[in-house]
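Atoms within each ligand, like the ligands themselves, are counted from 1 in listed order.
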Amino acid sequence: MRIVQKYGGTSVGSIEKIKNIADHIIKMKNEHNEIVVVVSAMGKMTDELIRKAKQITNNPNRRELDMLLSTGEQQTIALLTIALNHKGQPAISLTGSQAGIVTTGTHTKSKIKNINKERIEAHLKEGKIVIVAGFQGINENGDITTLGRGGSDTSAVALAAALNATCEIYTDVDGIYSVDPREYKEAKKLEEISYEEMMEMSNLGAGVMEVRAVELGKKYNIPIYVGKSLCQNNGTYIVEREQVMEQKLITGLSINENALMVNLLNLENEPKKIAYIFSVLGANDVNVDMISQSMSNGNKIDISFTCPLTEEDLLDKAIVLIKEHHPNIQISKKSDIIKVSVVGVGMISHSGVAAKIFDIFAENNISFYQITTSEISISFTIDKENKSKAVENIAKAFNL
Ligand code: ADP
Ligand code: ASP
Ligand code: MG
């Protein structure tokens with residue numbers, strides 16, 4: 001069997017852990033498998049590297065940031081390969097570029113365009129374990145690129161698709177839970193989850209899988225196993241919806257803390273003016289998420305929207321431009337909010353989920369600001385201080 005295994009940052013967070021993983025991989029190899037391993041940077045290395053760059057400037061050149069961040073994964077591939085070789089196991093480490101991972105798009109959020117797999121295939125043929133740096137590739141200019149935070153998941157699924165292999169993602173939890181187990185201790189582990197639901201959960205804040213990795217899994221029909229490092233079985237399979245045995249109305253709840261609410265007060269109800277405001281936000285790369293509007297007095301309206309808290313610097317730039325054109329608009333920001341979402345394909349054919357959540361909020365005195373819905377999810381922004389109350393009550397009500 002041909003297997004692509006991915007080990008995340010916590011799983012390779014120390015030399016001891018790297019040695020243990022080396023033992024585990026050798027065992028898998030001895031069971032007559034061909035193994036490609038994708039690894040992340042050790043522990044919080046990527047955060048540390050970003051912090052270093054930001055000590056110089058808040059806005060580092062993105063090509064150089066990619067150059068810097070890619071070094072994290074490069075350390076892990078070398079260390080793991082040294083460990084394997086030391087134990088007598090033939091293995092070779094490859095950077096994204098050496099592994100033939102070609103990307104397109106802008107630095108720090110590039111996309112995999114194709115994988116030239118010849119070199120990996122040749123090393124597998126030689127009987128070697130191939131250790132590939134996750135999260136990185138090379139673009140058409142020959143520059144090192146990265147795939148966005150959490151991108152090693154995407155490297156692994158893309159390699160599994162290219163190499164016609166099964167895909168196993170090893171992390172610090174023993175599978176995908178209905179709710180982030182760090183946030184809700186009684187969350188239930190799922191045996192299976194559909195690609196659609198996992199994509200929605202990831203998109204709405206469940207950091208356990210990178211959304212593009214799941215998208216690729218769906219596109220190439222690669223079942224993705226998510227489990228705890230060094231444990232076999234008992235994890236979660238991400239598969240086609242038809243293969244999920246237990247169909248529930250709501251499968252999971254996601255929490256997104258990376259949210260900032262912006263209130264625009266006292267706007268004249270003029271579509272052109274409103275269009276102008278949102279075009280400035282767009283031109284400044286502010287990712288506007290949820291939008292709500294209410295009448296204030298006469299022909300004045302208030303508009304609120306949310307965007308990622310991590311884009312506050314881009315937002316501030318846009319606000320300066322908006323105020324230059326419309327000095328009378330009052331703009332305020334609120335950062336002590338979070339977005340809570342419930343996800344489930346059952347919502348396509350069943351109604352009443354929103355009503356039930358409104359009831360829960362009423363009973364528990366939780367106010368909400370914005371609501372958005374998709375075919376398979378409903379999201380609410382609420383005050384951060386109500387997080388655990390909201391999560392626990394919604395989870396209980398939907399048996400999550
Ligand atoms: P890795 O470094 O292995 O990629 P991540 O930190 O990216 O690991 O993802 C694992 C973390 O995702 C877990 O520690 C867990 O707290 C969090 N998480 C968020 N939502 C979920 C969920 N629904 N099920 C399991 N884990 C989740
Ligand atoms: N090391 C990168 C990050 O921390 C990629 C990954 O872990 O998947 O985002
Ligand atoms: Mg991750």
- Under 3.5 Å, is there a donor-acceptor pair between the side chain of K334 and the main chain of L260? no
- I176 neighbourhood, listing ligand 1 atoms whose heavy-atom distance to it stays under 4.0 Å: 24 (N)
- Query: Just distances here: any N/O of G9 and N/O of ligand 1 closer than 3.5 Å?
  - Reply: yes
- Are the side chain of T57 and the backbone N or O of A53 linked by a donor-acceptor pair below 3.5 Å? no
- Contacting atoms of ligand 1, where contact means under 4.0 angstrom from a heavy atom of M201: 23 (N)
- Message: Measuring from atom 6 (C) of ligand 2, which candidate in S70, S152, A133 has the nearest non-hydrogen atom?
- Response: S152
- Message: Can a donor-acceptor pair be found, under 3.5 Å and without considering hydrogens, that links the side chain of D143 to the backbone of N139?
- Response: no
- Message: Taking G100's backbone N and O only, do any of them form a donor-acceptor pair with R119's side chain (distance below 3.5 Å, no angle check)?
- Response: no
- Message: Please tell me whether S304 and N263 have a donor and an acceptor in their side chains that are separated by less than 3.5 angstrom.
- Response: yes
- Name the closest protein heavy atom to atom 27 (C) of ligand 1, giving the residue it belongs to and the distance to 0.1 Å. V208 CB, 3.5 Å
- Query: Can you tell me if E73 uses its side chain to pair, donor with acceptor, with the backbone of A41 under 3.5 Å?
  - Reply: yes
- Query: Is there a donor-acceptor pair closer than 3.5 Å between any side-chain N or O of K356 and the backbone N or O of A397?
  - Reply: yes
- Task: Please confirm whether F135 comes within less than 3.5 Å of ligand 2 when only nitrogen or oxygen atoms on both sides are compared.
- Result: no
- Message: At under 4.0 Å between heavy atoms, is it the side chain or the backbone of P181 that contacts ligand 1, or both, or neither?
- Response: side chain
- Message: Between ligand 2 and G134, can you find any atom pair, the residue atom being a heavy atom, that is separated by under 4.0 Å?
- Response: no
- Task: Any atoms of ligand 1 less than 4.0 Å from a non-hydrogen atom of A206? List them with their elements.
- Result: 20 (N)
- Polar side-chain atom of K323 near backbone of Q330 as donor-acceptor pair, under 3.5 Å: no
- Query: Can you hop from L264 to M295 via hydrophobic side chains spaced under 4.5 Å?
  - Reply: yes
- Around atom 24 (N) of ligand 1, find the nearest protein heavy atom and jot down its residue, atom name and distance. Y177 N, 2.9 Å
- Note on the structure: When E197, E200, E196 are each screened for salt bridge (charged side-chain N to carboxylate O under 4.0 Å, His left out) with R241, the one that passes is E196
- Contacting atoms of ligand 2, where contact means under 4.0 angstrom from a heavy atom of G150: 3 (C), 5 (C), 6 (C), 8 (O), 9 (O)
- Please identify which atoms of ligand 1 are closer than 4.0 Å to at least one heavy atom of G8. 1 (P), 2 (O), 3 (O)
- Message: Closer than 4.0 Å to some heavy atom of R149 - which atoms of ligand 2 meet that?
- Response: 3 (C), 4 (O), 9 (O)
- Looking only at protein heavy atoms, which one is nearest to atom 4 (O) of ligand 1, and how far off is it? K6 NZ, 3.1 Å
- Query: Donor-acceptor pair, S110 side chain versus T103 backbone, under 3.5 Å?
  - Reply: no
- Query: Does some non-hydrogen atom of G151 fall short of 4.0 Å from ligand 2?
  - Reply: yes
- Which bit of T171 is near ligand 1, meaning a heavy atom under 4.0 Å away: side chain, backbone, both or neither? both
- For atom 25 (C) of ligand 1, the closest protein heavy atom turns out to be G175 O, 3.5 Å
- atom 5 (P) of ligand 1: of G207, G150, S202, G252, the nearest heavy atom sits on G207
- Decide whether an N or O pair under 3.5 Å exists between E73 and ligand 2. yes
- Under the salt bridge (Lys or Arg N to Asp or Glu O under 4.0 Å) rule, what do E183 and K387 come out as? Steps first, then yes or no, please. CA-CA 9 Å; E183 301 286 354; K387 179 171 80 175; 3.1 Å; yes
- Query: Is a side-chain N or O of N258 found less than 3.5 angstrom from the main chain of T310, in a donor-acceptor match?
  - Reply: yes
- Query: What atoms of ligand 2 come within less than 4.0 Å of a heavy atom belonging to S40?
  - Reply: 6 (C), 7 (O), 8 (O)
- Message: If you take the nearest heavy atom of each of D180, D174, D172, which one is closest to atom 20 (N) of ligand 1?
- Response: D180
- Message: Return the closest protein heavy atom for atom 11 (C) of ligand 1 as residue, atom name and distance.
- Response: R182 NH2, 3.6 Å
- Message: Between ligand 1 and S40, can you find any atom pair, the residue atom being a heavy atom, that is separated by under 4.0 Å?
- Response: no
- Parallel, tilted or perpendicular: which fits the ring planes of F368 and F361, with parallel below 30° and perpendicular above 60°? tilted
